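Have a look at the structure below before the remarks.
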Amino acid sequence: MITIGNLTLEKKLRAIAELRSIKEQFAARDWFPGTSGNLSVRASDIEEGRFQFAITASGKDKSLHTPEDFLFVDEHGKPAECTQLRPSAETLIHCEIYRMTGCGAIFHVHTVWNNVLSELFWEQGAVPVEGVELIKAFNIWEEDARIEIPIVPNYAEIPRIVPCITEKLDPRIPGILLRKHGIYAWGATPFEAKRHLEAFEFLFEYVYRMQALH
């Protein structure tokens, strides 16, 4: 267990409130089939590589609100408080993205669009998108900008995925796809992470429908 000097009760409560609101919005869009997906918000500053974040507990129905929906973990993905809750199985991926980007929130959802695109472009290693207005959601403002959204393998053992995230994460693109699994999107704030995720999902549907026209 670690102690972070700037982590106050107010910051913890704010992180939980933000996660609760996002969870409700995404559940209304059917972005959590089964008990899939996970959400996290960093609650403390990063101090000498140490930090804490709130994350969805494993195996919960995300269409409901209960006192057992979230818990706090440290930079290694270990519970930071005494709890019987288990963090999401993919917490280590959140840890690595926070470590690499210093972002403030990470949202992961499974949708048909992001699963299909991750397989369709698996051999290329990334989903190419060119000249679509929603690219500007990532603060990329060049005319007819082209981006490539990285895709990494989806191993059963989560620790095997982490080095792939480390290798392929593109600082310019606030998202990464797991093959036939889902998108991780992040941002400096929960609002920004939500904006990025919504943009990715729009772009995935756009790319698929354009492919279908050819």
Side-chain angles (χ1 to χ4, degrees), residues 18-19 21-23 25-32 36-42 45-46 53 90 93-154 161-214:
E18 289 168 335
L19 284 175
S21 174
I22 290 293
K23 181 169 73 74
Q25 293 175 59
F26 289 176
R29 301 181 186 186
D30 296 323
W31 280 0
F32 299 126
S36 66
N38 39 76
L39 312 169
S40 73
V41 169
R42 183 162 55 82
D45 294 338
I46 299 177
F53 58 96
E90 296 156 24
I93 295 174
H94 289 249
C95 292
E96 184 66 1
I97 294 171
Y98 282 124
R99 186 189 69 79
M100 292 189 68
T101 69
C103 66
I106 303 168
F107 301 148
H108 170 55
V109 299
H110 302 223
T111 69
V112 173
W113 301 117
N114 63 43
N115 271 251
V116 170
L117 266 290
S118 72
E119 180 65 7
L120 187 61
F121 290 96
W122 168 244
E123 295 298 329
Q124 293 178 225
V127 177
V129 188
E130 184 171 1
V132 184
E133 181 72 11
L134 260 289
I135 291 174
K136 293 178 181 177
F138 311 134
N139 290 319
I140 298 172
W141 298 93
E142 302 97 276
E143 187 172 350
D144 294 324
R146 175 186 170 88
I147 63 170
E148 295 193 347
I149 303 162
I151 309 170
V152 298
N154 178 33
I161 300 175
V162 173
C164 302
I165 300 284
T166 309
E167 178 183 358
K168 293 207 68 174
L169 187 146
D170 182 348
R172 188 168 176 250
I173 309 300
I176 196 162
L177 273 168
L178 268 64
R179 183 185 185 187
K180 294 191 285 189
H181 183 121
I183 180 76
Y184 283 85
W186 55 87
T189 64
F191 173 80
E192 186 175 78
K194 174 176 175 285
R195 186 185 80 213
H196 291 162
L197 181 58
E198 290 171 342
F200 280 124
E201 287 300 316
F202 176 93
L203 293 172
F204 293 147
E205 183 175 353
Y206 171 87
V207 170
Y208 178 83
R209 291 185 182 277
M210 287 298 292
Q211 289 280 319
L213 291 175
H214 295 319

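Sequence positions, counted from 1, serve as the residue numbers for this chain. As a basis for the values below, the full set of heavy atoms in this structure was taken, side chains included, without hydrogen atoms, waters or symmetry mates. Just so we're clear, the structure is a prediction, and the values are computed from it rather than from any experiment.
Under the rule for a side-chain contact (heavy atoms from CB on, under 4.5 Å), the partners of S21 that lie at least two apart in sequence or sit in another chain are Q25. Here H196 pairs with nothing under the side-chain hydrogen bond (donor to acceptor under 3.5 Å, both in side chains) rule; sequence neighbours left out. Contacts of Y184 classified as ring pair (Phe, Tyr, Trp, His ring centres under 6.0 Å), with partners at least two apart in sequence or in another chain: H94, H108. Residues passing the salt bridge (Lys or Arg N to Asp or Glu O under 4.0 Å) test with K136 are E133, sequence neighbours excluded. When the salt bridge (Lys or Arg N to Asp or Glu O under 4.0 Å) test is applied to E198, the partners found at least two apart in sequence or on another chain are R29, K194. Take F121 and apply the ring pair (Phe, Tyr, Trp, His ring centres under 6.0 Å) test, not counting sequence neighbours, and it matches no residue. The salt bridge (Lys or Arg N to Asp or Glu O under 4.0 Å) search around E142 returns R172, not counting sequence neighbours. The side-chain contact (heavy atoms from CB on, under 4.5 Å) search around C103 returns I97, Y98, T101, I106, W186, not counting sequence neighbours. Residues that satisfy the side-chain hydrogen bond (donor to acceptor under 3.5 Å, both in side chains) test with E201, not counting sequence neighbours, are T111, N114. By the side-chain contact (heavy atoms from CB on, under 4.5 Å) test, E18 pairs with R14, V41, P190, sequence neighbours left out. The salt bridge (Lys or Arg N to Asp or Glu O under 4.0 Å) test applied to R99 returns E96, not counting sequence neighbours.
Closest heavy-atom contact between P150 and G175: CD-O, 3.7 Å. Shortest non-hydrogen contact noted between V152 and C164 is CG1-O, 3.7 Å. The two atoms that bring G187 and A193 nearest to each other are N-CB, 3.6 Å, heavy atoms only.
Residues in residues 118-128 take part in these side-chain hydrogen bond (donor to acceptor under 3.5 Å, both in side chains) pairs, two or more places apart or across chains: E119-R179.
To the nearest 0.5 Å, atom CD of residue E130 and atom CD of residue E148 are 10.0 Å apart. The line from CZ of F200 to CG of L117 is 12.0 Å long, rounded to the nearest 0.5 Å. How far NE2 of H181 is from CD1 of I151: 14.0 Å, rounded to the nearest 0.5 Å.
You'll find the side chain of Y206 stays beyond 4.5 Å of the side chain of L134, heavy atoms only. In this structure the side chain of L203 reaches within 4.5 angstrom of the side chain of F138, judged on heavy atoms. The side-chain heavy atoms of F32 and L39, taken from C-beta on, include a pair separated by under 4.5 Å.
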* To do: May I have the step-by-step check of side chain to side chain contact (heavy atoms under 4.5 Å, CB included) for L178 and I165, ending in yes or no?
  => CA-CA 9 Å; L178 268 64; I165 300 284; 4.3 Å; yes
* To do: Show your working on side chain to side chain contact (heavy atoms under 4.5 Å, CB included) between T166 and M100 and close with a plain yes or no.
  => CA-CA 8 Å; T166 309; M100 292 189 68; 4.1 Å; yes
* To do: Run the numbers on F204 and W113 for ring-ring contact (aromatic ring centres under 6.0 Å, His included), then give the verdict.
  => CA-CA 6 Å; F204 293 147; W113 301 117; 9.6 Å; no
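Judged by distance alone, with hydrogens and angles left aside, the side-chain atoms of K168 form no donor-acceptor pair with the main-chain N or O of A126 at under 3.5 Å.
Put simply, the residue from N115, N154, V127 that forms a side chain to side chain contact (heavy atoms under 4.5 Å, CB included) with L177 is V127.
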